[in-house]
Amino acid sequence: MEIWINPACSKCRSALTLLDAEGAQYTVRRYLDTPPTAQEIEEVLDRLGLEPWDITRTGESAAADLGLADWPREESARARWIEALAAHPILIQRPIITADDGTAVVGRTPDAVRSVLP
């Protein structure tokens, strides 16, 4: 299992605490230190069944700087959104957890985190 975290994120710390309490084996990826590539983001989106705008933190200053509020949320703009997430990983919702079986969740709630446990 891999979890993308930002150590400053309280939801990330809560997810790690829950995984530890459950005895889960996982690898931490500090995605701001080691940003995911556009391909990795695409793979996670496929596993989540989401679009890039669904995992974008639009309240970040980087979102305002890019003018994301005006970007279309449609297939024709999908690659542009993914490239923005790869270039500005602070925009990615967190934590994202990918289980060994490929299941992925945005672990913002205890139930979401538990859903990837065996």
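Any value given below was found using the heavy atoms of this structure, including those in side chains, with hydrogens, waters and symmetry copies removed.
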Inter-residue atom distance Ile3.CD1 - Leu19.CG, 0.5 Å rounding:
5.5 Å
Going only through I, L, V, M, F, W and Y residues with side-chain contacts under 4.5 Å, is there a path from Ile97 to Leu45?
no
Starting from Leu18, can I reach Val105 by hopping between I/L/V/M/F/W/Y residues whose side chains sit under 4.5 Å apart?
yes
Interatomic distance, Thr98 atom OG1 to Glu43 atom CD [nearest 0.5 angstrom]
9.5 Å
Contact check, side chains of Ile41 and Ile92, non-hydrogen atoms, under 4.5 Å
yes
Please tell me if the side chains of Pro36 and Arg29 come closer than 4.5 Å, counting only heavy atoms from C-beta onward.
yes
For residues 108-118, tabulate all N or O donor-acceptor pairs below 3.5 Å that involve a side-chain atom, not counting sequence neighbours.
from, atom 1, to, atom 2, distance (Å)
Arg108, NH1, Arg94, O, 3.2
Thr109, OG1, Ala112, N, 3.1
Ser115, OG, Ala112, O, 2.6

Scan residues 58-81 for pairs that pass salt bridge (charged side-chain N to carboxylate O under 4.0 Å, His left out), counting only residues two or more places apart or in two chains.
Glu42-Arg78, Glu51-Arg78, Arg57-Glu60
Who pairs with Trp4 by side-chain hydrogen bond (donor to acceptor under 3.5 Å, both in side chains), at least two apart in sequence or on another chain?
Glu2
Between Asn6 and Tyr31, the two heavy atoms sitting closest are N-CE2, 3.8 Å
Please examine the side chains of Trp53 and Leu68, heavy atoms only from C-beta on, and report whether any two atoms are closer than 4.5 Å.
no
Look at the side chain of Arg13 and the backbone N and O of Ala8, then say whether any donor-acceptor pair between them is shorter than 3.5 Å.
yes
